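The next block holds one structure in the form of structure tokens; read it before the comments.
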Amino acid sequence: MKRKLFITVAGLIFFILSNSCYAQTDYHEPHRPQIHFSPREHWMNDPNGMVYYNGIYNLFFQYYPKGNVWGPMHWGHAISKDLIHWAEQPIALYPDSLGYIFSGSAVVDVNNTSGLGQNGKPPLVAVFTQHDPEGEKAGTTTFQNQSIAYSNDAGKTWVKYKNNPVLKNPGIKDFRDPKVSWYENEKKWIMTLATYDRITFFSSKDLRNWTKESEFGKDKGAHGGVWECPDLVPIIYQDKEVWVLLVSINPGSPHGGSATQYFIGQFDGHAFTSSQTETKWIDDGADDYAGVTWSNTGKRKIFFGWMSNWQYGTKVPTEKWRSAMTIPRELSLEKINGNYFLRSLPITELSAISVKQTNLTGEIQKDISYNGPIKLQLDLTLLDDFTIELKNIKNERCMIGYE
Ligand code: FRU
């Protein structure tokens, strides 16, 4: 039996707090999430180039600084020490003659394989898609290519590599969103790239010259839309390395619009293989897209997604800014009846946030009048399945369910 728990919060529901410790005064507009990262103003979509370096988490993101809907893409930038409190930085990458700056990743080039470092220090190298709007308009199939940029001041400023693009499009219209990681066994870089209806893997010794290794997925998983923003993540399960391939798809989500599926398998430095037959989704909900993991966090795999959906992302009722990221989650694996599932839990650091707390043990219906961030601690051990309904005085509702 599905049981309902009603929680009425007077005024608007604010989902907790970030940004505020940086004394920016304008983070309290209606609908402004108070824990999830959101840009101070203007349009944001995918998280990009997430890299941890020198104690700082660098978050870059798809950003259009001149409007509230998608436009010529830049990489916005924010930094944090704890993945919760963020300080927005100047824009990191601007469009140029090769096109807009689409999604991609960033790595710490520890051994300076690229030769782009200075004074014996490793550079940060960003690998991203350049989308040429003119080529697209002209009907060509080669308007998305991969470029790199490097930073020798820990991500504050970036220089585009002079011989961009580093990976040219062979004639595949959707050829984008490179996620690069170091493959230690063969001391090489692996690029996981979304190529229309499949993933293509490339390798490189220096981040500048790339060779095709293999393809995966043409006949696997969901194909109701184009494949985007992949990530190949090794996760340790009981001392065994298991590889998880994340693939976002838009449209084609079971709930409409955008969603992220995943495949469990093996990667041998050249090809990813999976015996999975069913389609698995990282979230069974609508507001988590284009999510990938942070680079340079060792065995800990931290994930961030865009907390929106291309179905309605441009229409959500905020005026000054649009979109937020999911809260950071830690990825791990769970094995149930011999079948692996990806588990994503809010990072433990979130428990350090102090907000009003309410315990609802044993109560089935509760009215709480509170206007501000609130943390609900629910003891649901007596229920098999349930729905939690959060609603405000305008009767706007948010349903959270468990089966
Ligand atoms: C995913 C996506 C990416 C692309 C970016 C453009 O949401 O479509 O494939 O690089 O957004 O902003």
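This one's a predicted model, so the numbers in the text were calculated from it and none came from an experiment. All ligand and atom numbering here is 1-based and tracks the order in the structure.
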Thr129 to ligand 1, any heavy atom closer than 4.0 Å = no
Please state which part of Trp306 comes within less than 4.0 Å of ligand 1, counting heavy atoms only: side chain, backbone, both or neither.
-> neither
Can you list the residues that meet the side chain to side chain donor-acceptor pair (under 3.5 Å) rule with Asp268, with sequence neighbours excluded?
-> none
Among non-hydrogen protein atoms, atom 12 (O) of ligand 1 lies closest to Gln62 OE1, 2.6 Å
Taking atom 8 (O) of ligand 1 as the reference point, the nearest protein heavy atom with its distance = Glu228 OE2, 2.9 Å
Backbone of Trp158 reached by a side-chain donor or acceptor of Ser151 within 3.5 Å = no
Atom 1 (C) of ligand 1: which protein heavy atom is closest, and how many Å away?
-> Asp46 OD2, 3.0 Å
For Met73, the atoms of ligand 1 under 4.0 Å from one of its heavy atoms are 12 (O)
Using only heavy-atom distances, determine whether the side chains of Thr260 and Ser248 contain a donor-acceptor pair under 3.5 Å.
-> yes
Indicate, as side chain, backbone, both or neither, the part of Asn45 found under 4.0 angstrom from ligand 1 when only non-hydrogen atoms are considered.
-> side chain
More than 12 heavy atoms of other residues, nucleotides or ligands under 6.0 Å from OH of Tyr312: is that the case?
-> yes
Is there a heavy atom of Tyr289 sitting under 4.0 angstrom from any atom of ligand 1?
-> yes
With under 30° as parallel and over 60° as perpendicular, where do the rings of Phe267 and Phe201 fit, or are they tilted in between?
-> tilted
Is the closest side-chain donor-acceptor distance between Gln130 and Asp96 under 3.5 Å?
-> yes
Can you name the residues that form a side chain to side chain donor-acceptor pair (under 3.5 Å) with His255, not counting sequence neighbours?
-> Asp284
re atom 10 (O) of ligand 1, the protein heavy-atom contact at minimum distance is Asp177 OD1, 2.6 Å
The atoms of ligand 1 lying under 4.0 Å from a heavy atom of Phe102, numbered in the order shown, are 4 (C), 6 (C), 10 (O)
